[in-house]
Amino acid sequence: MWVERLYQDLCGHVMAMTDLPAGARAGFMDREIRSGEGWSERLGDVLATCRVFVPLFSPRYFASEMCGKEWYAFEQRAIHHRARSNEPAEAIVPALWVPVPPSQLPGPAERLQFNHRDFGERYVSDGLYGLIKLRLFAEEYERAVYELAKRIVSVADSVRIDTGRPVDYRLAPSAFGSPGSGVGAPRPMRITIAAPTRHDLPEGRNGDHYGDHPQDWNPYHPASARPLAYVTGELVRSLNYQAVITSFDEDRHDAKAAPSTPEILIVDRWALRDEDHCRRLAAFDAENRPWVTLVVPWNRDDHQSRAAEAELSQRLEATMPVKMGQGRALCRAAAKGVPTMEAYGQLLPQVVEVAAQQYLKHAKAYPPGPGGGSGERTRLTGPMGATSYTPDPHDPATEAEDL
């Protein structure tokens with residue numbers, strides 16, 4: 001009831017502040033989906049086209065896998081928009097339904113640059129739920145909702161995110177981490193790039209895809225305007241991981257040491273034309289580190305790459321036979337070549353999850369120390385340890401609004 005009132009109040013302000021025609025829909029709330037209607041498909045369509053996403057922060061919101069999937073679906077549009085245009089695309093406007101301690105915020109929420117105090121001190125201390133419940137705070141509630149509506153309209157006018165493809169909720173991950181992982185500080189995920197620079201390219205290779213550092217490699221140029229390492233970092237962070245971007249040329253860890261973090265190794269096949277790269281990648285492959293997952297971007301629209309595909313594929317098979325045959329089918333598919341940025345974005349969450357699972361399987365664990373209670377859990381070493389309103393159908397306090 002209270003969330004529906006907030007939604008109607010926001011829609012009224014948005015209509016008044018814009019030139020939407022009378023009778024037009026200013027927003028969407030997923031409880032509007034009728035019984036028997038394909039809610040997953042309808043919600044996917046809305047999240048693929050809405051202009052602004054407004055999550056209603058509360059502890060239960062961040063504990064909801066469904067809400068995490070909705071956040072993830074919208075954030076992918078922003079990430080791919082930034083990849084294509086190299087322009088800012090922040091269209092998430094958070095609202096405090098119930099105040100949440102910073103320690104309970106997952107990484108995607110913690111990283112938002114947003115000043116809630118612009119909506120009033122009482123709003124910060126009590127949230128919209130506290131203001132709407134008590135008549136004493138009616139004036140503070142009206143101010144907060146009015147300021148929130150102004151922010152929504154401002155973002156909708158200034159940020160234009162490309163329409164995306166509807167996400168399949170049966171397969172979509174949660175932006176708040178996997179179920180049971182708990183809400184809190186993001187877990188680390190290493191992203192390692194093995195690629196040439198424009199200064200040491202193989203003979204005849206076009207330099208348009210390269211920069212001064214391996215991390216500058218952009219295999220999907222010109223469709224993508226940003227280096228893949230940084231797009232990958234955003235995709236990883238959207239899954240509640242902390243991205244650590246490195247080059248394969250940097251010092252590697254001891255082959256005999258226990259894993260310190262899961263890792264995604266992204267290899268440019270053109271690097272295999274260099275004998276030193278081949279030697280070091282082969283030595284790495286021989287270490288048999290299952291918590292390191294191989295991904296090989298391969299732009300099918302790059303004429304040079306297409307012409308050399310058979311030769312370079314054979315080089316990779318000969319250099320890294322363990323990684324090429326390791327893991328489930330999706331990992332082998334990622335190692336054989338990912339042809340487009342869209343396919344890369346769809347495959348990466350699954351690759352990240354495999355790396356995380358393998359890390360947890362192989363990382364060294366230690367029991368509680370002397371005096372530790374029987375309830376203390378065994379821990380792992382290392383640091384891993386348009387407008388639409390989309391509420392969780394199971395709990396009104398987990399609702400999120402997209403505008």
Side-chain angles (χ1 to χ4, degrees), residues 2-3 6 30 52-75 78 90-133 137 140 144 148 151 172-189 233-244 261-262 349 352-353 356 360 373 375-380 382-385 389-402:
W2 299 115
V3 172
L6 170 63
D30 71 3
V52 182
F53 180 70
V54 183
L56 296 188
F57 282 14
S58 75
R60 290 188 178 184
Y61 176 81
F62 294 117
S64 166
E65 183 182 11
M66 186 64 203
C67 292
K69 287 172 178 280
E70 294 169 5
W71 187 306
Y72 172 84
F74 185 83
E75 181 63 15
E90 185 54 74
I92 297 179
V93 178
L96 297 179
W97 183 246
V98 175
V100 182
S103 62
Q104 293 184 20
L105 292 176
E110 186 180 22
R111 285 189 297 271
L112 289 177
Q113 301 296 316
F114 196 87
N115 186 5
H116 291 284
R117 296 193 181 279
D118 289 346
F119 299 170
E121 293 296 329
R122 181 67 67 178
Y123 165 80
V124 173
S125 63
D126 290 69
L128 288 165
Y129 179 72
L131 300 185
I132 201 172
K133 284 283 287 183
F137 300 140
E140 286 88 345
L148 178 59
R151 186 70 59 89
S174 168
F176 309 150
S178 57
S181 62
V183 176
R187 304 151 290 171
M189 177 70 63
E234 288 196 2
L235 289 167
V236 165
R237 285 189 287 270
S238 75
L239 296 166
N240 199 31
Y241 287 90
Q242 179 185 12
V244 180
T261 181
V352 166
E353 186 62 24
L360 293 173
E376 185 175 350
R377 300 174 62 186
T378 301
R379 293 167 291 169
L380 294 171
M384 184 77 169
Y389 203 79
T390 56
D392 182 333
H394 304 297
D395 192 323
T398 64
E399 299 171 47
E401 180 170 10
D402 311 343

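- When every heavy atom of Leu148 is checked against every heavy atom of Pro94, the shortest pair comes out as CD1-O, 4.3 Å.
- The side-chain heavy atoms of Ile92 and Leu112, taken from C-beta on, include a pair separated by under 4.5 Å.
- The number of heavy atoms from other shown groups lying within 6.0 Å of CZ (Phe137) is above 12.
- The two residues Pro108 and Ser238 come nearest to each other via the heavy atoms CG-O, 4.1 Å.
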Please evaluate residues Thr261 and Val244 with respect to the criterion side-chain contact (heavy atoms from CB on, under 4.5 Å), reporting the C-alpha separation (whole Å), side-chain torsions for both, the decisive distance (0.1 Å), and the verdict. CA-CA 10 Å; Thr261 181; Val244 180; over 6 Å; no

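- You'll find the side chain of Pro349 stays beyond 4.5 Å of the side chain of Leu235, heavy atoms only.
- The aromatic rings of Phe119 and His116 lie perpendicular to each other, with more than 60° between the two planes, well past the 30° mark.
- Using a 4.5 Å cut-off on side-chain heavy atoms (C-beta onward), Val3 and Tyr129 make no contact.
- Looking at every heavy atom in both residues, Pro99 comes nearest to Ser125 through CG-O, 3.4 Å.
- The aromatic rings of Trp71 and Phe62 sit tilted, their planes meeting at an angle between 30° and 60°.
- Of all heavy-atom pairs spanning Arg151 and Asp118, the tightest one is NH2-OD2, 3.1 Å.
- Two residues are said to be in side-chain contact when any heavy atoms from C-beta on lie closer than 4.5 Å; Leu96 and Leu128 fail this criterion.
- Under the 3.5 Å distance criterion, the side-chain polar atoms of Lys69 are matched with a main-chain donor or acceptor of Ala172.
- The SG atom of Cys67 lies 12.0 Å from the CZ atom of Arg60; values are rounded to the nearest 0.5 Å.
- When all heavy atoms of Asn240 and Gly177 are compared, the pair lying nearest together is CB-N, 3.8 Å.
- In this structure, Tyr241 and Pro188 have side chains that are not in contact, with every pair of non-hydrogen atoms separated by 4.5 Å or more.
- Note that OG of Ser64 and CD of Glu70 are 7.0 Å apart. Values are rounded to the nearest 0.5 Å.
- Nearest heavy atoms, Ala144 versus Leu131: CB-CD1, 4.2 Å.
- You'll find the side chain of Arg237 reaches within 4.5 Å of the side chain of Arg111, heavy atoms only.
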Given ring pair (Phe, Tyr, Trp, His ring centres under 6.0 Å), test Phe176 with Tyr72 step by step and report yes or no. CA-CA 8 Å; Phe176 309 150; Tyr72 172 84; over 10 Å; no

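- Contact annotation: the side chain of Glu75 never approaches that of Phe53 to less than 4.5 Å [non-hydrogen atoms, C-beta and beyond].
- Residues Asp126 and Glu140 are not in side-chain contact: their nearest non-hydrogen atoms beyond the backbone lie 4.5 Å or more apart.
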